[in-house]
Amino acid sequence: MTKAVARADIGLAGLGTMGAALALNIAEKGFTVAVWNRTADRTDRFVADAGALAQRIVPAPDLAAFVAALRPPRAIILMLPAGDAIDAQMAALAPLLDADDLVIDAGNSNFRDTNRRAGVAPFGFLGIGVSGGEQGARHGPSIMGGGERRHWDRVAPVLSAIAARYEGAPCAAWLGEAGAGHFVKTVHNGIEYADMQMIAEVYGVMRDGMGMTAPAIATVFDRWNSGPLRSYLIEISATVAAVTDAVTGKPLLDVIVDAAGQKGTGRWTVIEAQHLGAAVPAVEAAVAARNLSARRAERARGQQLFGAAPARLDDGAPDIATLEQALIAGKIMCYAQGFAMMAAAAREFGWALPLADIARVWRAGCIIRSAMLNDMAAALAEDSSRNLVFAPAFADRLRTAGAGLRSVVAASARAGLPVPALASGLAWFDTMRTARGTANLIQAQRDFFGLHGFERLDTGQGGQHGPWGYA
Ligand code: 6PG
C-alpha cells in the first residue's frame, strides 16, 4: 500500500444518511474530504455511488489512514449517533491527533455532553447543530456553531460554503462557547416539535371536525404555503397529505399509524426549560402529545369506555381562514417561547447568544425555516430583550390571529378534539397579557402551609405572613 498523502481539507467520520450527504456536499463545494466509517464496506459503497465527486473524496479503510489523509492542522467532522459513540470516537482519535487538530461533533448531541467534552478534549473541539435532514445535509443545512471562536473561524470557510443560503447569506454562524451551538439546535428541535404538533392539530380539526379528506387538506396547506405560514413544515404537510397509498389506493396519511417517534431532543428542550425556569408550554404539550400518541391501546380503551368525542365542530365553527389565523398565532408562540428560553440560557450560562443571528441562521436550510423568521430576525435585532410577541410587527399580527386561535381552541374543546399545543399556546399568551394573575392565592396557600411569606401589593414589603391563626 502506498503511504497516504495528507491532502484532504477536512475529514468526515460516520457515513450514515446524514454523514454521507454532508460529505457529498463538502466535495461538491470543491473541498477534498477524507471519509471513514466503522464498517469499511459502507465506505466503499459510498465512494462507488459518489460519481464525479469521488475525485474529491479520500476513502480511508481505518482510523490511522483517515487521520494520515488529512492536511494538518486537521479538522474532522463526526456525524455519529449522539451519546457514547461520540466519546468512544474521541477516545479512539486522541492518540492519533495533535493538540492543534480539531474535532467537530455535528450530531444531535446534548449540549451538556458538549460542554463536558469541550472541557476535556485533548484537541480543539466544536459542537455544531446541523439541521435540515438528509436533503439539507446534501444541499445546504443550517449550521449552529458552538465552541471556541478561533476554532470556528478555522473551519468557517468550509461550513459556510456547505450551508444553506438566504438571499446569498450563509445560514451558518458561531453562536457561543462550548455547548452553545448544540443548545440552540436543541431549542430548534423543541420549536420543531411544537410547530409539527400544531400543524397536526389543525389537520385533526379539518379531518375530524370538518370531515375533510387528506387531498382536500393538502390543498389548504398548499394555499397556506403562499401566505404568512409559508414554511418548510407546511410545504411538506401539503406534500404528504396529497400522496395516495399504492397498496390500498387510500390517502397515504390514512394508512399511517398515529404513533409518533422521537429521539429525545424535544424532551431535552423541556427538561432544560425547567432547569432555566423558562416557560415553553407549547413544546411541553407537543412532547406530551407524542408520548400519548404512542399509547395506542390505552387510547383505544379510553374510546371504548368514554365513547369517541362528538368530533364534528358545532354551528358557528371556525372556517378555514380562521384556522389559518390560529396556526399563525400558534407558530408565533412556538418561536417566541423558544427565543425566550434561549435568552434565559444566555443569562444562566454566560453565553452572548446572538438571538437575531439565530433567527437569520434558521431562515433557510433547517426544518423550522419559515417566512416569519426574517421578520423575527428584524424584531430581535431591534430589541432582543423583549419577548417576540411584544415586538410591534408580531403584536399587530397577534391582535387578529389571537382571536382566531381562541375561536379554534374553544370550538375544538366543545367538540372534544384534542388541540393541546394550540390550547397551551393560547393559555401562555393569555397569561402574558394578564397583569394581575392568580399566583397571589398560591402565595397565600404557601404561606399558610409552610410560612413561606408573601409580598404585599400595597407596600411592596416582602416576608409577610397572613393571620392564619395557628402560628
Ligand atoms: C433537523 C431535525 C433532525 C431530526 C431530529 C428530530 O433539524 O434536521 O431536527 O435533527 O429530525 O432527530 O427527530 P425526532 O423527531 O426523532 O426527535
Side-chain angles (χ1 to χ4, degrees), residues 14 16-22 25 77-83 85-86 104-111 113-114 127-146 159 162-164 166 171-173 175 179 181-200 231-237 239-240 256-273 280 282-294 331 334-335 338 341-342 358-370 373 421:
T17 311
M18 292 290 285
L22 211 60
N25 186 354
I77 297 176
L78 304 183
M79 201 39 130
L80 302 168
I86 304 289
I104 305 154
D105 172 13
N108 266 336
S109 288
N110 187 303
F111 86 101
D113 286 336
T114 306
I128 64 170
V130 176
S131 176
E134 184 190 4
Q135 284 304 306
R138 176 66 185 86
H139 300 292
S142 166
I143 299 178
M144 296 147 250
L159 299 179
I162 62 168
Y166 181 87
C171 291
L175 303 174
H182 277 141
F183 181 86
V184 172
K185 176 66 188 353
T186 298
V187 176
H188 165 286
N189 281 27
I191 297 171
E192 172 186 307
Y193 272 53
D195 199 357
M196 289 169 76
Q197 174 64 24
M198 286 185 181
I199 296 171
S231 59
Y232 174 70
L233 286 171
I234 288 288
E235 179 194 325
I236 65 166
S237 301
T239 304
V240 300
I256 296 179
V257 171
D258 55 330
Q262 52 180 320
K263 296 203 204 77
T265 44
R267 189 183 315 135
W268 292 348
T269 308
V270 173
I271 291 168
E272 294 307 332
V280 292
V283 187
E284 287 168 17
V287 174
R290 284 206 196 184
N291 296 342
L292 285 173
S293 80
K331 199 175 184 72
C334 296
Y335 288 106
M341 176 173 168
M342 289 189 285
I358 293 169
R360 288 190 195 105
V361 161
W362 287 351
R363 287 179 303 184
C366 69
I367 302 292
I368 62 168
R369 62 187 183 261
S370 82
L373 274 164

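For ligands, and for the atoms within them, numbers begin at 1 and follow the listed sequence. These numbers were taken from a predicted model, which means no experiment stands behind them. The first residue in the sequence is number 1, and the count goes up from there.
For the atom pair Met79 CE and Ile104 CD1, the distance stands at 11.0 Å (nearest 0.5 Å). Atom CG in Leu175 sits 11.0 Å away from atom CD1 in Ile128 (nearest 0.5 Å). Atom SG of residue Cys171 and atom CZ of residue Arg360 lie 11.0 Å apart, to the nearest 0.5 angstrom. The distance from atom CG of Asp105 to atom CD1 of Ile77, rounded to the nearest 0.5 Å, is 10.5 Å. Annotation: the span from Ile86 atom CD1 to Leu78 atom CG amounts to 5.5 Å, rounded to 0.5 Å.
Taking atom 17 (O) of ligand 1 as the reference point, the nearest protein heavy-atom neighbour is Tyr193 OH, 2.5 Å. Given atom 6 (C) of ligand 1, the protein heavy atom at minimum distance is Glu192 OE2, 3.6 Å. Here the protein heavy atom with the shortest distance to atom 7 (O) of ligand 1 is Ser131 OG, 2.4 Å.
Of all the atoms in ligand 1, the ones that sit under 4.0 Å from a non-hydrogen atom of Lys263 are 12 (O), 13 (O), 14 (P), 16 (O), 17 (O). Within ligand 1, the atoms closer than 4.0 Å to a non-hydrogen atom of Asn189 are 5 (C), 6 (C), 7 (O), 9 (O), 10 (O), numbered from 1 in the order shown. Taking every heavy atom of Arg290 and a limit of under 4.0 angstrom, the matching atoms of ligand 1 come to 14 (P), 15 (O). Distances below 4.0 Å separate heavy atoms of Gly133 from the following atoms of ligand 1: 8 (O). Of all the atoms in ligand 1, the ones that sit under 4.0 Å from a non-hydrogen atom of His188 are 7 (O). For ligand 1, the atoms lying closer than 4.0 Å to a non-hydrogen atom of Ile367 are 1 (C), 2 (C), 7 (O), 8 (O).
A donor and an acceptor atom, one from each side chain of Lys263 and Asn108, are nowhere located under 3.5 Å apart.
When heavy-atom distances to ligand 1 are checked against a 4.0 Å cut-off, Arg369 has no atom that comes that close, whether in backbone or side chain.
For the ligand labelled ligand 1, residue Gly266 lies outside the 4.0 Å heavy-atom shell.
Trp362 meets the ring pair (Phe, Tyr, Trp, His ring centres under 6.0 Å) test with His188, Phe339; sequence neighbours excluded. By the salt bridge (Lys or Arg N to Asp or Glu O under 4.0 Å) test, Glu272 is found to be paired with Arg112, residues two or more places apart in sequence or in another chain being considered.
Checked by distance only, ligand 1 and Gly132 come closer than 3.5 Å through their nitrogen or oxygen atoms.
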